[in-house]
Amino acid sequence: MTFQSLKPHRTTCARTFSSQSPNPSNPIPIRATVCRVASFVRCTAWRLASAYAFLYKLQRTLRFCRFLVRLLATRSSPSSMADEAISAACSCLEPLFGCLLQAAGREVAAFLRIKSNWGDLERARDSLRAVETTVRAAVAAEEDKLNVCDPEVEVWFKRVDELRPDTIDEDYSSLLGFSCLCQCTVHARRRASIGKRVVEALEEVKELTEQGRKFRTFGLKPPPRAVSRLSQTETVGLEPMLARLHDLLEKGESNIIGVWGQGGIGKTTLLHAFNNDLEKKDHNYQVVIFIEVSNSETLNTVEMQQTISDRLNLPWNELETVEKRARFLAKALARKRFLLLLDDVRKRFRLEDVGIPTPDTKSQSKLILTSRFQEVCFQMGAQRSRIEMKVLDDDAAWNLFLSKLSNETFEAVESPNFNKVVRDQARKIFFSCGGLPLALNVIGTAVAGLQGPKEWISAANDINVLNNEDVDEMFYRLKYSYDRLKPTQQQCFLYCTLFPEYGSISKEPLVNYWLAEGLLNDRQKGDQIIQSLISASLLQTSSSLSSKVKMHHVIRHMGIWLVNKTGQKFLVQAGMALDSAPPAEEWKEATRISIMSNDIKELLFSPECEILTTLLIQNNPNLNKLSSGFFKFMPSLKVLDLSHTAITSLPECETLVALQHLNLSHTRIRILPERLWLLKELRHLDLSVTAELEDTLNNCSKLLKLRVLNLFRSHYGISDVNDLNLDSLNALIFLGITIYAEDVLKKLNKTSPLAKSTYRLNLKYCRKMHSLKISDLNHLVHLEELYVESCYNLSTLVADADAELTTSGLEVLTLSVLPVLENVIVAPMPHHFRRIRKLAISSCPKLKNITWVLKLEMLERLVITSCDGLLKVVEEDSGDEAETKTEGQGGKWIGDGQSACNSGDNAHAEFLNLRSIELTDVKMLRSICKPRNFPSLETIRVEDCPNLRSIPLSSIYNFGKLKQVCCSVEWWEKLEWEDKEGKESKFFIPI
């Protein structure tokens, strides 16, 4: 059969089938179908033959060209030159022939293997989707670390996205509609086109997949944003000031702008709003830096430099001097157009000393500062561009005032149906605030619940009387809220001014101080007073911790002003970075002194402080020397706090006859003063975590008024039953103690008064102790924390059944350095561990698992450190269960500590309250537990656990509160997940 003889058949086939349509409901006769199949085969053969004929003709053309070249070369050149010419011509033509042959082969293969290629394309797409998911997760992890996507990865994402709108899927699907081979003949050209596109798509998908797998860098640390957004409150009535500030920035005559006004008028709020406005607007500044200048009367240059370095993304070297760092920062800022926002500048300072080049017209950089004083604006260079902050206009101020009132009071003030006197007196109080936002806030809160005309009239009269006093314009307005307090509440409020201006105040020590000062006689009353001060807007709740409160710096200054008004004298220099104490002359007339949170190294004088009642020196970590006569002239001192200092001894203090509160915790003290027992009024003695304390010289047993004695985790412990001579402390209500012998523990249980007072117990170096039953501690009815450490022969710990539901209140359990502890046995509920909230286990090498934690239904925090034998936290594989041991009568519940809780109901128990899991240096650990619900889990931290390859999270279980998984990058990359949906790189926090 020749090529020409095939052509008529192709034409006939095309005519035959062009009028037919593929309709399954109209079956084609078998004979016609056979004919069509034969026609399709002949047509296909014709196409292949045509392609072969084209290649055959191309080959003959090549041969002819070679002959022609040889002929011409023979006539005009010697033989050798002719051969060279022929070879050169052939070398040029043969690659062309090869390429054409290869291209033709690809087209034929694409035509014939279209279905196979389509299957390969689908599989390649699946692989690309998997790679894309991995890459996007890695990029998301980088973005969670505030990095930006790598540009190469961005281009790759763009190419992947461009594949999606391709119509090849629809075209291929429509082609499959022509299922009969004979029907496909009329679509041969279309089939060839789609086949070619399938091959091209397959090659591109494979290329993108391979490229995605090679990525190693997914994110880059971004250059600092020009504007970093700040927290912002509602700018009531500040819009005109904000507009004027923007106008001055654009058209002002000076590159330094000053904003001044009294405290509490809204300068900081204005600056925050201005900063955030710049984030939305076009501007020419490369970086905008906000710095809170004043956190004390002393300029904190280092913190300002730290803020600038962070915003410029510059390295920070702690060892550099302030001067050297200032020169470096000045050079870095000089290269940029910057806008610097300095808030609360109280005194003039040289910008160059911090590292800020003075803005000028040439640099186009600018500086905006706020201050309470206009002269400070002048001194800092803002002579030509200034804004005076004004109080709120009546409408804005009235709305702010009303927003502080309760619903009932608001209705009484605003409704015309109520007594007109109430509204008039409310307006009178409102006008007395003078439009000052802070005063409106505080006083509005103070009158929020007033009821009836009499209360309103009384409040208005009190505030109007204050107007006549010659006092600071703002403080007299705020004083009304103070005057509304009861005398005890007022004194407690003034006491809060002893703490640093910025930061939080812990409630527990604050109440302890109040108790020692005699301001109250009941701890519950202290909690109530704190709540009342919060309700009066004189204290604020801490945003992060319920155990702490805060005080606005303006309220604190008002408190100090009130101290002076009441005739008292406080010497307060807390948190001011002092390296030396105030001179002794300043101590003389002070009633309360606070030099806490500084860097004072020694106190080598003997101040005469006859009326001093409180001395707070804590958190001076380098303080290691006190003069021998330091306490000689302090007969009225009631509160002394030296905690978190480096002192190794305490001077003789027999003159402290009025002392009630002494805190020496977290110090290096080695021995108590020999005559400490003379402090007959001492009620609170804290010696906890004194790692070097060797002896108390029996002082504690002679302090008969002690209500709180804390020797918990002290190096000094009771090692002999004869040393436990605290029976005389009849007033004791809180005891923290360290015990070195099991015999002492037994005696403590038999001593009813001490047993009822024990809240914290540290068992240490109890060499004869082989087992410990928590039920043996039943007499310690208030025991909250148990710390068992360095008991080298302790092999078994039993939390047996608790018949009385109110017996055990244990909340914190720590097991540390217990080399033979192998069995921890926990009874079914109710047991003595049922209220445990924190469990810490460290250096217990024989523990293989701690499956019993499944029974700790209240557990919130689990910490495991350096347990070399721990293979699994929870053993749940039935095949791995060890033999159950029994012990005593009805001992079926008692099992080997490695296998207890493996059966039945506990196999799928949930950690309902668990919030944190911390695993550090657990080398052999292979698993935590099987995936399950963790409805409260927020944090997982894994460090130096090389054999742990999975965490118990799965998409089919609840872990909706999880915020972070803290681990190394290497460990995270090797982490195996129960399912792909479970892996969420947004949780990853590198450590």
Side-chain angles (χ1 to χ4, degrees), residues 295-297 491-519 526 530 539 548-551 556 559-560 563 568-584 586-603 605 607 609 611-627 630-631 633-647 650-651 653 656 658-667 669 679 682-688 708 710:
N295 61 1
S296 67
E297 293 295 329
Q491 289 301 311
C492 291
F493 164 72
L494 297 179
Y495 205 98
C496 295
T497 62
L498 296 174
F499 291 84
E501 183 169 346
Y502 288 85
S504 299
I505 305 172
S506 295
K507 294 180 182 179
E508 183 176 355
L510 180 63
V511 175
N512 287 335
Y513 298 153
W514 290 345
L515 288 167
E517 279 269 11
L519 300 177
I530 289 176
L539 286 182
K548 296 188 176 183
V549 291
K550 298 188 300 183
M551 178 179 278
R556 180 175 179 270
I560 294 174
V563 168
Q568 304 178 66
K569 182 180 179 183
F570 288 6
L571 175 57
V572 183
Q573 295 190 15
M576 299 183 68
L578 302 179
D579 55 10
S580 60
E586 297 183 18
W587 294 48
K588 191 170 184 179
E589 297 180 0
T591 55
R592 290 170 184 154
I593 296 176
S594 174
I595 52 174
M596 69 171 79
S597 303
N598 284 300
D599 193 26
I600 299 171
K601 298 176 177 58
E602 55 187 20
L603 295 169
F605 52 91
C609 309
I611 60 174
L612 183 66
T613 59
T614 291
L615 178 57
L616 305 180
I617 315 179
Q618 67 265 32
N619 295 315
N620 280 278
N622 296 314
L623 176 64
N624 57 16
K625 291 182 181 179
L626 298 177
S627 69
F630 184 75
F631 301 119
F633 305 108
M634 300 183 184
S636 303
L637 192 64
K638 294 182 178 180
V639 175
L640 174 61
D641 196 332
L642 284 162
S643 61
H644 295 275
T645 62
I647 60 170
L650 194 67
C653 48
L656 302 179
L659 191 65
Q660 296 197 19
H661 180 106
L662 176 58
N663 190 345
L664 298 172
S665 65
H666 296 271
T667 62
I669 193 166
L679 308 184
L682 197 61
R683 287 167 167 77
H684 184 118
L685 177 58
D686 193 344
L687 295 165
S688 61
V708 174
N710 195 353

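- Put simply, the residue from Gln660, Lys638, Arg592, His661 that forms a side-chain hydrogen bond (donor to acceptor under 3.5 Å, both in side chains) with Glu517 is Arg592.
- Rounding to the nearest 0.5 Å gives a distance of 10.5 Å between CG of Leu578 and OG of Ser597.
- Remark: side-chain polar atoms of Trp587 are not paired, donor with acceptor, to backbone N or O of Leu612 under 3.5 angstrom.
- Counting heavy atoms from C-beta on, the side chains of Gln573 and Leu571 come closer than 4.5 Å.
- Nearest heavy atoms, Leu494 versus Gly559: CD2-O, 3.5 Å.
- Considering all non-hydrogen atoms of both residues, Cys609 and Pro635 come closest at O-CD, 4.1 Å.
- Counting heavy-atom neighbours within 6.0 Å of Glu586 CD, excluding the residue itself, gives a total above 12.
- Counting only distance, with no hydrogens or angles, the side chain of Ser594 and the backbone of Leu498 share a donor-acceptor pair below 3.5 Å.
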Should Asp579 and Asn598 be marked as a side-chain hydrogen bond (donor to acceptor under 3.5 Å, both in side chains) after you check the CA-CA gap, both sets of side-chain angles, and the distance that decides it?
CA-CA 7 Å; Asp579 55 10; Asn598 284 300; over 6 Å; no
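- Under the 4.5 Å side-chain criterion, counting only non-hydrogen atoms from C-beta, Phe630 is in contact with Leu615.
- The distance from atom CG of Leu623 to atom CD of Gln618, rounded to the nearest 0.5 Å, is 11.5 Å.
- Rounding to the nearest 0.5 Å gives a distance of 5.0 Å between OH of Tyr513 and CG of Leu616.
- Looking at heavy atoms from C-beta onward, Ile530 lies in side-chain contact with Val549 at the 4.5 angstrom threshold.
- Rounding to the nearest 0.5 angstrom, the gap separating the OG atom in Ser665 from the CG atom in Leu687 is 8.5 Å.
- Between Ile647 and Leu664 there is a side-chain heavy-atom pair separated by less than 4.5 Å.
- Atom NZ of Lys588 sits in a sparse spot, with 12 or fewer heavy atoms from other residues, nucleotides or ligands closer than 6.0 Å.
- Taking the side-chain hydrogen bond (donor to acceptor under 3.5 Å, both in side chains) definition, one finds that Gln568 meets it with Thr566, sequence neighbours left out.
- One finds the NZ atom of Lys548 at 14.5 Å from the CG atom of Leu539 (value rounded to the nearest 0.5 Å).
- Considering all non-hydrogen atoms of both residues, Phe605 and Ala584 come closest at CD1-CB, 3.7 Å.
- Not counting sequence neighbours, the partners of Arg683 by the side-chain hydrogen bond (donor to acceptor under 3.5 Å, both in side chains) test are Glu681.
- Under the 4.5 Å side-chain criterion, counting only non-hydrogen atoms from C-beta, Leu650 is in contact with Ile669.
- Side-chain contact check for Asn663 versus His644: every heavy-atom pair is 4.5 Å or farther apart.
- Contact annotation: the side chain of Met634 approaches that of Pro607 to within less than 4.5 Å [non-hydrogen atoms, C-beta and beyond].
- Panel note: side chain Thr613, backbone Thr591; a donor-acceptor pair is recorded below 3.5 Å.
- Here the straight-line distance linking atom CD1 of Ile600 with atom CG of Asn622 works out to 11.0 Å at 0.5 Å rounding.
- In this structure, Phe499 and Met596 have side chains that are in contact, with non-hydrogen atoms separated by less than 4.5 Å.
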